[in-house]
Structures are given as C-alpha cells and as structure tokens.
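Encoded as structure tokens, here's the structure I'll be asking about.
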There are 2 protein chains.
Amino acid sequence: MQSSKRATTPQRIERSPGIKKIAEKLGISIGTVDRALHDRPGIHPDTKKRVMAAAAELGYRPNLAARFLKSGKGLTIAVCLPRAIAHFFDDVRMGVHRAAEAHGAMVELIDYSFSRFEEGEAAAVEEALKKRVNGIILVPGRPSHARPLIGKASRCNIPVVCIGSDADGTGRLVHVATDSFSSGALVGEFLGCLNRPLRRLAVFIGSRGTSDHSEKLRGIQDSVPRHIRLKTTWEVIEAHDNAREAQHLSEKLLDTSRGLHAVYVATANSLPVLQAMDRRSLLGRIPVITTDIYPELLPYLRSGKVLATVYQHPVSQGRIAFDALHRFLVTGVRPAERILLPPLLVMRSNLDILLERSRGWSRRSQGAQRSPESVCLKG
Amino acid sequence: MQSSKRATTPQRIERSPGIKKIAEKLGISIGTVDRALHDRPGIHPDTKKRVMAAAAELGYRPNLAARFLKSGKGLTIAVCLPRAIAHFFDDVRMGVHRAAEAHGAMVELIDYSFSRFEEGEAAAVEEALKKRVNGIILVPGRPSHARPLIGKASRCNIPVVCIGSDADGTGRLVHVATDSFSSGALVGEFLGCLNRPLRRLAVFIGSRGTSDHSEKLRGIQDSVPRHIRLKTTWEVIEAHDNAREAQHLSEKLLDTSRGLHAVYVATANSLPVLQAMDRRSLLGRIPVITTDIYPELLPYLRSGKVLATVYQHPVSQGRIAFDALHRFLVTGVRPAERILLPPLLVMRSNLDILLERSRGWSRRSQGAQRSPESVCLKG
DNA sequence: CGTTATCTCGTGTACGTTACCGTTTATCCA
DNA sequence: TGGATAAACGGTAACGTACACGAGATAACG
C-alpha cells in the first residue's frame, strides 16, 4: 500500500498536546484516552485515573476545531427568556445571538420564549434538558419557580446562566445583571444635581418582594439624603409590572398629593405613569427619570418631558452571559459568581447614538441635533 | 430494548458544501479547487472561473475548523496602539484581547505598542505587514502619518480597523469611536440640568485641528444654548495633550477671569486643570466635567469635586473593533463604514461598578462609596 | 524524433477527534 | 475445563482543508 516515500516538511509549529500525545506517553491507544476523557463506559477506573493525570500534566486542552470538524455540529445553547416587556428581552436575545454569531456554526442557539406570567420557564428549561443542550441562558421570570429546574440542570452538569433575577444557591454558573442599588443611587445623585428643593419624591416599582426593585429603592433612598439637605418624604408605589395598576395608582397619587417634586419609575412599565402626568400637564415641570428604553418612551425623552432614563445594557447583558457560558464550556474556567454592570444615564444628547448602536428603532436624526455631514478628518 | 437491526441512523447532518462537493460537481480534483479558491498559481483561468462559479452557486463557505486544524495556527491580527495616555489604550487593548480569547488558539494577537509622539505607528504597521498578518487594529496617533500605511495595507488586501481617530478615504475597513459631538452635547445637557446661571464656560481641548476635539466643542456649544436661557461666553483652551501646557494655561485662565461658571475638560489630560482649580479652592464650587477615567481622577470623582466624567467605552471599543475585523475575515461581511458608541456619564454612584467590570483599580469596599460623607456644589 | 521545460491537474498525507468495529483479556457458570 | 459473556482496550475511517509531490499533457528546442 505504501507506495511512495514521503518528504514531509518538518512543520515545527508548537502544537498543544492532543489525545494522541497522551496515548503514546502512557503507551495505550487513543481510543482508551478518548473514553477516559469523556466519561464513556468501557474503561478501567485505574486506567482512567492514569489518563486524567497525564492529561493534567501535559496540560491537555481539547481541540475544538477537530471536535467540531468530526461531530459536524457545535455546542448547542438554550436561550430561555420571557416574552413580556418584550423590548428589553428582545435586546438581551439579540446580545446573545450577536455573541454567538462570532463562532459561526460552532455554536448553535435554541430559543425558548415563554410567558412570564404562566411559569413557562419551567417548561422551557425542561425542554432544553430533554434536548441535551450544553448550556442554558435563562432570564427567570418567577425565580421561585425556576429554582428547582436550575438545580436539576446543574445536577445534570448543564451550566445555567441567570440574567436579571438571580437564583443563587441552586448551583447556577453565574448571575449577570445591572447593579440595582447603583441604579437607584445614580438617580438620587442626578436628582441632587438638579439643584432644586426636593421634598416629596415618588418611586414606582414593581414589587418590594423583587430584590431588583427593592434594591433600587434602597439605592435612591440612600443617595438622595446625601445630596439634598432638606428632609424628604417618599411615596413608594408598587405597580406589579401591570399597566392598568400603574395607571390607576399613579392617577390616585397625582390627584391626592399635589406637592410632588420628582418621580422615579424604577421599572420598564413607565408609560402609564407618564401618560397620567401628561394629562395633568405635570411633565416638564416635575423632573422624571425612568428605566430602560422602548419606542413609546422616545418622544418623552426627545421632548425633554423625561429628563433621563437609566439604561441597563440589555444587549451587553446578553453578550456577557453568552461569553461567560461559552468560556466555561470551552475552557472550564468558571466566571465570577456574579457580574454586575453599571447603570448609565441616557439623555437626549446620547439617545440616538445609543439606539443606532443597539437597535433599528429611530433611524431619523432629530433635525439640528446632528449636522448632516459626517465627521471627516482633514489634514 | 434496542432494535435487532444495527442499522445506524443515516446521520444526515446537513453540512455546508465543502471543497470536495465542488470538486465532484465539476468532476475535477479537490487540489484544483483549492488552487482556484486561494489564488494559488498553476491553474488554468477557465478552470478557475468554473470553480468560482460552482462555489458561489453551492454557497461555499470555508470550514474554519478544518482550516485551523490543518494549518495549525489561526488568524493573526496585529494590535497597534500608542503607549501615551496609557490607561485609555490599555483598556482598548484589553478589550481586544478579551474578545480574541473567546476564539482560543484560532486567533493570535500580536501587540505593537508605539510612542505617540514619534510617528511609531508607521513602523508598527510596516512590521505587521512584513509578518503578513491577516488584519490590523490601529489607533492612529498622528492620522496624517498613518494614512499612507493604511492605504498600503489595504492594497495588500489586509483590512485595517481604526479606533479613535479615523483615516477615512484610505480603504480602511471601519472606524470605531465614541461620538464626539454627542459627548459635548451630553455635557451641555447635563450642565443645563444643573439649574444654575452659566454665563462663562471654559472648555479644555487638545487642539482645534483634531476632529475629535473640535466636534466635542461643537457639541457643547450647540447644546448649551438649548438648555440655558442666558447668553453664554466661551473660553476655549487648547492644551495639546501636554500636561505642562495645560497647567500653565489653566492657571492663567483662572487668575485672569474670575467669573467662571463651569468647566469641561474634553481630553483625558484633565489632572493639571483640576490641580490648578484645587489650589484656588474652586473645586466643589464650580461644576467640572471631565473625560475618561484614570486612577488619579478617582478621588476627584469620589469626593464630588468632579461632578461627572464622560466615559468613552475603551474596552468596548477594543472588543467591537476586534469583532468587526474577525467577522469580516471569517465571513467576508463588511461592517458599517463607521461604528459610533454613545458617550455616557459616570458619576460617583456608578463609578465603582464600572471599574470593577473593566479593571482592577477600584478599592474593594463599597463602604467608602456609600458613606454618608459627601460634597455638594455650593453657592 | 528525443529531450526538456512548463503548465495543469490528480493524488496522498496529515491535522485531532469521535464513532464504530474488532480483538484481547477476565469472569463466571455448567 | 470448555465455552459463553462481558469488560477493557486497540485500530481505523472520516470530517474538510492545506500542501508537497508527481503524473500527464503540451510546447519548445536541438
């Protein structure tokens, strides 16, 4: 069979040791090494130990290119997130997909969208486990319902990344979110800069039971007294992320207590509040700060009726979650227990650039806001 | 219970057509196809045309896993950036490296640092071209010097990504930066929110000749009148990114003109200005907004002596630049001509979370950040 | 007509991994 | 002790690509 002589080039490229190196170091076959490294049956425990030791000693790292080439498909990752408050989660999903695209066919995503109010997350995760995905990215709608599923996944050795709400103590890999306390504190600091007498402040949240919301409240209540000399009183309204409830409660608030000096809507459910205030011609007179960005909010921001909104980096959260998971799956390096992003203020001046970068909402430039010709360097 | 029949499943994973498919479709060998696809010598023009047509028809995409497996090394990308104003560029470099790490051994980076004031960029790029890298990420120190080199690289079919300064019209792949105009406009808007009489404003820039700086100036001068009723006068100081010059000019300004109402330092060279103001006990009385974040600036931010700083996402700029370049090299998809990031305000409340995410500067304790002590603007 | 150079193209091997099949060894029961 | 059965392990094809090498054809030259 061997006909001609080979004149292979020396090819002195330093390659990381492969499964073959381990095999010849131990004087066994690559098949055995393969079984040892992948918990496959049909191998003697002693042999397996020797292989694992040799692999560790040589610093073996599986060659993903070869693995992908052989198996024909890459890692599969389930992306489980709610449909509700769609704009935020759509951005998260986009962040995940963008990050995954960088790896081409070597990573495959499977989307599972579920209704936030029907505990659909359980079904989604269960489905993902059935499909034997390599990892799960999850935005828990109701963390209490998600916890057992996350525990189950972790026991199956399937890492779970939580975005937004956490589910700690379940064995989840990492929690990615914006820092809620800082969000509230940032708003407090900004309000303090306004140089106005702020005696009565209203804060709209979803529920005190949600740690995200209670932390935001704690943040602003901790921050405002530090920047404002006057004694402040607080109106805390729990709207439970329900539009009708938000509308009803805000109208009630506005009608009963007149001397409101600032409003902070700490949930994405800000539209009903804004509309109620608009009807009473309060916008523009009372400083309002909201959370997140969605199309209906844009006119309020552009007109200055809403001073600023706290941006929570949905796209980045998705990207970071994916990167952490991918890195763990590939290299085995565990990310930090928790990755917190800084909340940032978005105002009229930087709104359009932000949108252009993250989405396709407002392609229109706002008149004189930007000169038509692009920036061009001239020597 | 398994079926009696061995009958393995057809394993019909839909694979994208490879070089082999093209070969058998045309009835030629894979070697010929290889030569055609890679502009290798020794192939008849007609044959090459047929191959290219067939490749296009079948939607051929090279299998990077196989390519990497065979060749033993991945894409090599040169990262050329200055040493000066180190913190910003260090972050850019970190962003590039982080993004590259996700691809493991399939991407290799080569760092070329050069001195900004000695036209070192030319040598760096030249060196990269010699090494026959697949792409170049460049922060032009002196764009006018970089232009011919970028043109040369583009003619060699080596894509160049510019971060910060642009070199447009040279064939560079894409320009990544923060939107300078928005930066200035954001500061103007924020100052407007302060609700104070701002009649005399000082803006420190590097040079009017740098488009980045002149755009920031244009931004704030366009923005302030929209938020402040009073007529404003402007002091524009060009410090040429030189610390001594900045110190001298700021002291001269502070001593000659007393009624300053706000200061915007639009370059990273803000320390001399702050020190000059501090010596005259002006900090805390006159609102100051700076640019970028570096260790020496932290005390000013934490104490409230600097109200806010405009963050330009150095890490993200690096990451985005890399991703755009990588995507282009792998899929051939050209990114947008220009990718502009939104500038964002960093204040005390979100400073530490930001640092934790991007670097290791910040001290661990959140006690300091959330201590009751604070400095408000007086007067 | 023979020799050689040039151009064009086919062939073979290797990359690291996995799946599958074949082979050897150990265990157990009749 | 023979034979059956399973456990443990060896061997190899194949994934898609890159590249060295050689075969075949054609043309140019003596």
Side-chain angles (χ1 to χ4, degrees), chain A residues 1-24 26-51 55 58 60-75 104-106 330, chain B residues 2 6-24 26-51 55 58 60-75 104-106 330:
Chain A
M1 203 69 128
Q2 51 281 37
S3 52
S4 63
K5 66 183 80 173
R6 67 228 142 275
T8 50
T9 51
Q11 278 291 72
R12 272 286 164 258
I13 295 178
E14 187 187 342
R15 286 171 177 278
S16 65
I19 189 176
K20 195 163 187 174
K21 277 281 189 304
I22 300 176
E24 72 186 30
L26 269 51
I28 59 179
S29 81
I30 61 175
T32 305
V33 178
D34 178 63
R35 279 181 282 265
L37 293 174
H38 295 89
D39 278 339
R40 270 186 258 276
I43 188 173
H44 193 85
D46 293 348
T47 311
K48 179 173 175 181
K49 276 191 177 178
R50 287 172 56 217
V51 171
L58 293 178
Y60 168 77
R61 298 242 145 260
N63 185 321
L64 288 121
R67 175 177 296 172
F68 170 68
L69 176 61
K70 177 67 181 106
S71 65
K73 63 185 189 37
L75 299 171
M106 296 192 60
V330 166
Chain B
Q2 307 295 344
R6 199 85 187 120
T8 61
T9 50
Q11 283 292 77
R12 257 295 154 250
I13 298 176
E14 187 184 343
R15 287 172 176 279
S16 62
I19 187 175
K20 195 166 186 173
K21 277 280 190 303
I22 300 177
E24 71 186 30
L26 295 173
I28 60 179
S29 80
I30 60 174
T32 306
V33 177
D34 176 62
R35 278 180 282 265
L37 293 175
H38 296 87
D39 277 339
R40 271 185 255 276
I43 187 174
H44 195 86
D46 293 348
T47 311
K48 178 173 175 179
K49 277 193 175 177
R50 288 173 55 218
V51 171
L58 292 178
Y60 168 77
R61 300 242 152 255
N63 185 322
L64 289 134
R67 173 177 298 174
F68 170 67
L69 176 61
K70 177 66 183 118
S71 64
K73 62 188 187 43
L75 298 171
M106 295 191 61
V330 166

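Keep in mind that this is a model prediction, so the values were computed, not measured. Computed over heavy atoms, backbone and side chain alike; hydrogens, waters and symmetry mates excluded. Lettering follows sequence order; numbering is per chain, from 1.
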Checklist entry - Which is true for Ile30(A) with a 4.0 Å heavy-atom rule: it touches a base, it touches only sugar-phosphate, or it touches nothing? => result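 Ile30(A): base contact, heavy atoms under 4.0 Å.
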
Checklist entry - Within this structure, what is the OH-to-C1' distance between Tyr60(B) and dA18(D), rounded to whole angstrom? => result 11 Å

Item to check | Separation between CD of Glu24(A) and CD1 of Ile19(A), rounded to the nearest 0.5 Å | outcome: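 Here the rounded value is 12.0 Å.
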
Item to check | Closest to the Leu69(B) side chain, choosing from dC15(C), dA13(D), dC21(D) | outcome: dC15(C)

Next on the checklist: Suppose we call a contact any N or O donor and acceptor under 3.5 Å apart; does that hold for the side chain of Arg61(B) and the base of dG16(D)?
Outcome noted: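 No, no donor-acceptor pair under 3.5 Å.
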
Next on the checklist: Using 0.5 Å steps for rounding, measure from the CG atom of Leu69(B) to the CG atom of Leu64(B).
Outcome noted: 12.0 Å

Item to check | Side-chain N or O of His44(A) closer than 4.0 Å to phosphate OP1/OP2 of dA7(D) | outcome: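 No.
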
Checklist entry - What's the CG-P distance between Leu26(B) and dG10(C), to the nearest Å? => result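 Checked: the CG to P distance equals 10 Å.
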
Checklist entry - Taking only side-chain nitrogens and oxygens of Arg35(A), does any of them come within less than 4.0 Å of OP1 or OP2 of dA8(D)? => result no

Item to check | Of the listed nucleotides dA13(D), dC9(C), dG16(D), the one nearest the side chain of Lys70(B) | outcome: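 Of the candidates, dG16(D) comes closest.
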
Item to check | Atom pair distance, as rounded to whole Å: CD1 in Ile19(A) and C1' in dC9(D) | outcome: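 Rounded to whole Å, this separation is 13 Å.
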
Checklist entry - Below 4.5 Å, heavy atoms only, C-beta onward: do Thr32(B) and Leu26(B) meet side chain to side chain? => result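 When only atoms from C-beta onward are counted, Leu26(B) and Thr32(B) do not touch, as no gap falls below 4.5 Å.
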
Checklist entry - Once you round it to whole Å, what is the distance between C1' of dA8(D) and NZ of Lys49(A)? => result 18 Å

Checklist entry - At their closest point, which heavy atom of His38(B) faces which heavy atom of Asp34(B), and how far apart are they? => result ND1-O, 2.9 Å

Checklist entry - Looking across every strand, which nucleic acid part, if any, lies under 4.0 Å from Asn63(A) by heavy atom: base, sugar-phosphate, or nothing? => result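 The residue Asn63(A) makes sugar-phosphate contact but no base contact.
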
Checklist entry - How would you label the contact of Arg40(B) with the nucleic acid (heavy atoms, under 4.0 Å): base, sugar-phosphate, or nothing? => result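 Here Arg40(B) touches the backbone only, sparing every base.
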
Next on the checklist: Need one value for Pro41(A): base, sugar-phosphate or nothing, where a base atom within 4.0 Å counts as base even if backbone is also close, heavy atoms only.
Outcome noted: nothing

Checklist entry - Do the side-chain N or O atoms of Ser71(A) get closer than 4.0 angstrom to the phosphate oxygens (OP1, OP2) of dT17(C)? => result no

Checklist entry - Where the side chain of Ala66(A) is defined as all heavy atoms beyond and including C-beta, which of dC9(C), dT17(C), dT18(C) is the nearest nucleotide? => result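 Taking heavy atoms from C-beta onward, the closest nucleotide is dT17(C).
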
Next on the checklist: Quick check on DNA chain C: between Lys20(A) and Gly27(B), whose nearest nucleotide comes earlier from the 5' end?
Outcome noted: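 Result of the comparison: Gly27(B).
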
Checklist entry - What nucleic acid atoms does Gly42(B) come within less than 4.0 Å of, heavy atoms only: base, sugar-phosphate, or nothing? => result base

Next on the checklist: Output the rounded distance in Å from CD (Glu24(B)) to P (dG10(C)).
Outcome noted: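 Taking CD of Glu24(B) and P of dG10(C), I get 13 Å after rounding.
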
Item to check | Exercise: identify the closest heavy-atom pair between Pro17(A) and Leu58(A) | outcome: CG-O, 3.2 Å

Checklist entry - Between dT12(D) atom P and Ile28(A) atom CD1, what is the distance in whole Å? => result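 Distance, rounded to whole Å: 17 Å.
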
Checklist entry - OP1, OP2 of dG10(D) versus side-chain N and O of Thr32(A): anything below 4.0 Å? => result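 So the side-chain polar atoms of Thr32(A) do come within 4.0 Å of the phosphate oxygens OP1 or OP2 of dG10(D), strictly under.
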
Checklist entry - If you look at every strand shown and take non-hydrogen atoms under 4.0 Å, does Gly31(B) touch a base, only sugar-phosphate, or nothing? => result base

Item to check | Note, Lys20(B) side chain near Val33(B) side chain (heavy atom, < 4.5 Å) | outcome: no

Checklist entry - Could you give the CD1-to-P distance, from Ile43(B) to dA18(D), as a whole number of Å? => result 14 Å

Checklist entry - In whole angstroms, how far is the C1' atom of dC15(D) from the CZ atom of Phe68(B)? => result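 After rounding, the reported distance stands at 16 Å.
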
